[in-house]
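To start, the structure under review is shown below, and the notes come after it.
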Amino acid sequence: MAKLDTEYEDVRMNDSSCLQSGSGINAKIDYKFASKGPQIRAAVAGSIGAFILGTIIGWSSPVQPQLQSNSTEFGDGDNMWIADITLDDDQMSWVGSLSNLGALFGALTGGILMDRFGRRSILMAMSLPYFVAWMLITFAVNPAMLYAGRLLGGLAGGICSVVSPSYLGEISMPSLRGLLGMFFSSLLCAGILVTSLTGWLNWRLISGIAAVDPIILLIAMFFVPESPYHLIKTGRTSDAEKALKWLRGPDYNITPEIVQMETRLNAELAEKFIPSDLLKPWALKPLLLAVSLMIFQQLSGINAAVYNAVAIFESAGSTLDTLVCAILLNLDQLVVTIASSLLVERLGRKTLFVISESVMCLSLAGLGAFFYLKENSSTDPAIIESLSWLPLVSLILFIAAFGIGAGPVPWLMTGEVLPAKIKGPGVSIAVFTNWFLAFVVTKSFVNIQEALTSAGAFWMFGGFCVFGTLFGLLLLPETKGKTQEEIQAFFNKRK
């Protein structure tokens, strides 16, 4: 055994020398013998928190009619065991938006928590607040319990929004990072869709069923390893080697990758992180990139389109139930998000983002034009009738475009572009920006409509998509197939 250990250390020293004397931490590593299955299983487990967040986001839409129509009792006759709850418009507005507010605060703490306790540990720990949140909602006897459950669920979701993309990026080899990084967005959309599919059930039963998901998260994360990079960062090199061996399979030589991680870590730890590091070019440029992606995601008009979905379907002459409309839109988004995960390593992040923003711009222009004609009293009704197909086609195209680029790419690239030294606070800042804008847009959209009309609101968001397209074309780098070291070298060489 001692001889084997000595030989292992000799190989390790030789690999380290090659890395240092060759191309340093940018040295190429041969992943030919690495297994994909373990990485996929770990990515699925690490994304279950996103699925739960999706159920929280999607919950308010199908249950709103029940919460506002006195149909909130559960049980019958002498077995009636939950008090009746009826919400007015303002209370329902808070129920819908408090999850965004909770996620906003969760984003601020997620980076600190994952750097202190580890990615896997925090994802496992989030099963508790998720479970308590759903229990509060299930057994709510007054609006305050609903508020508390939504806020707590959003808080856990905000933390997962920071931790999960980081975990996915750190366990994946470069050729799989795009595909596995898309799991977060895909499972988020799946959670929203599943909630829509159960919308015909009593809202308490929907909430009780959703409470099973946090238990699945806890069990799934128990059987996958911690991020090898985090283990090395905390001095647990032996555990990091075991984790990487689990992720890459028995036929893969982990030594060069372990040495590369250690070399990168030594370079990062040469100077202790201080808040002012965020203002240095090597950190500020990727941070601004991540924040910009989150801004363009939330200002794309996704909330405006979803908010007006029923009106858009009605304008097209559809007689479909509102729940069916929601299911169709959520299914549309899930399908294209899955398609995006298959295309991201072929077409690249930049291409998908630019296509997404440009198609969304055209879709919003079409929606704005239709509502302008509809809201203009001088418009011939025959013209509006002849264009009844336009809002429906524009909406479906918009949701598809969002799902293929502007939805998933910001989450993927945020985990990719931020240097490990500032990843904790950097991801927190980017995700905080996302949830802050989500809360503001959701809460203020009615006011925007009143001030600008529906047509003006769609055109305003379409204008933001124009800027998003230009941003993607001129400033967004391509990270497809690049290692973390190559990505950071790109930002460091730009003067």
Donor-acceptor contact below 3.5 Å, side chain Arg177 vs main chain Lys482 | yes
Is Ser61 reaching over with its side chain to a backbone N or O of Gly58, donor-acceptor style, under 3.5 angstrom?
-> no
Under 3.5 Å, side chain of Thr469 to main-chain N/O of Cys465, donor-acceptor pair present?
-> yes
Mark yes when over 12 heavy atoms from residues, nucleotides or ligands other than Tyr31 sit less than 6.0 Å from its OH; otherwise mark no.
-> yes
Provide the closest heavy-atom pair for Ser166 versus Val427 in the form atom of the first, atom of the second, distance.
-> OG-CG2, 3.8 Å
Which of parallel (below 30°), tilted (30 to 60°) and perpendicular (above 60°) describes Phe432 and Phe436?
-> parallel
Please examine the side chains of Ile122 and Val162, heavy atoms only from C-beta on, and report whether any two atoms are closer than 4.5 Å.
-> no
Main-chain N/O of Gln297 paired to Ser300 side chain as donor or acceptor, under 3.5 Å | yes
Is it true that a side-chain atom of Thr138 and a backbone atom of Trp134 form a donor plus acceptor pair closer than 3.5 Å?
-> yes
Phe471 CZ: over 12 foreign heavy atoms closer than 6.0 Å = yes
Can you check whether Leu343 reaches Ile404 side chain to side chain, under 4.5 Å on heavy atoms?
-> yes
Answer yes or no: is there a donor N or O on one side and an acceptor on the other, between the side chain of Gln333 and the main chain of Gly403, under 3.5 Å?
-> no
Hey, is the main chain of Ser161 close enough, under 3.5 Å, to the side chain of Ser164 for a donor-acceptor pair?
-> no
Answer yes or no: is there a donor N or O on one side and an acceptor on the other, between the side chain of Arg150 and the main chain of Ser99, under 3.5 Å?
-> no
So, Ser127 side chain and Met124 main chain: donor-acceptor pair closer than 3.5 Å or not?
-> yes
If you draw a 6.0 Å radius around NZ in Lys245, do more than 12 non-hydrogen atoms from other residues or ligands fall strictly inside?
-> yes
Main-chain N/O of Gln39 paired with Arg248 side-chain donor or acceptor, under 3.5 Å = no
Classify the angle between the aromatic ring planes of Phe353 and Phe296 as parallel (below 30°), tilted (30 to 60°) or perpendicular (above 60°).
-> perpendicular
Quick one: does Ile206's side chain get under 4.5 Å of Trp59's, heavy atoms only?
-> yes
Contact check, side chains of Ile254 and Pro228, non-hydrogen atoms, under 4.5 Å | no
Could you tell me whether Glu416 and Arg349 make a salt bridge, using a distance below 4.0 angstrom between a side-chain N and a carboxylate O?
-> yes
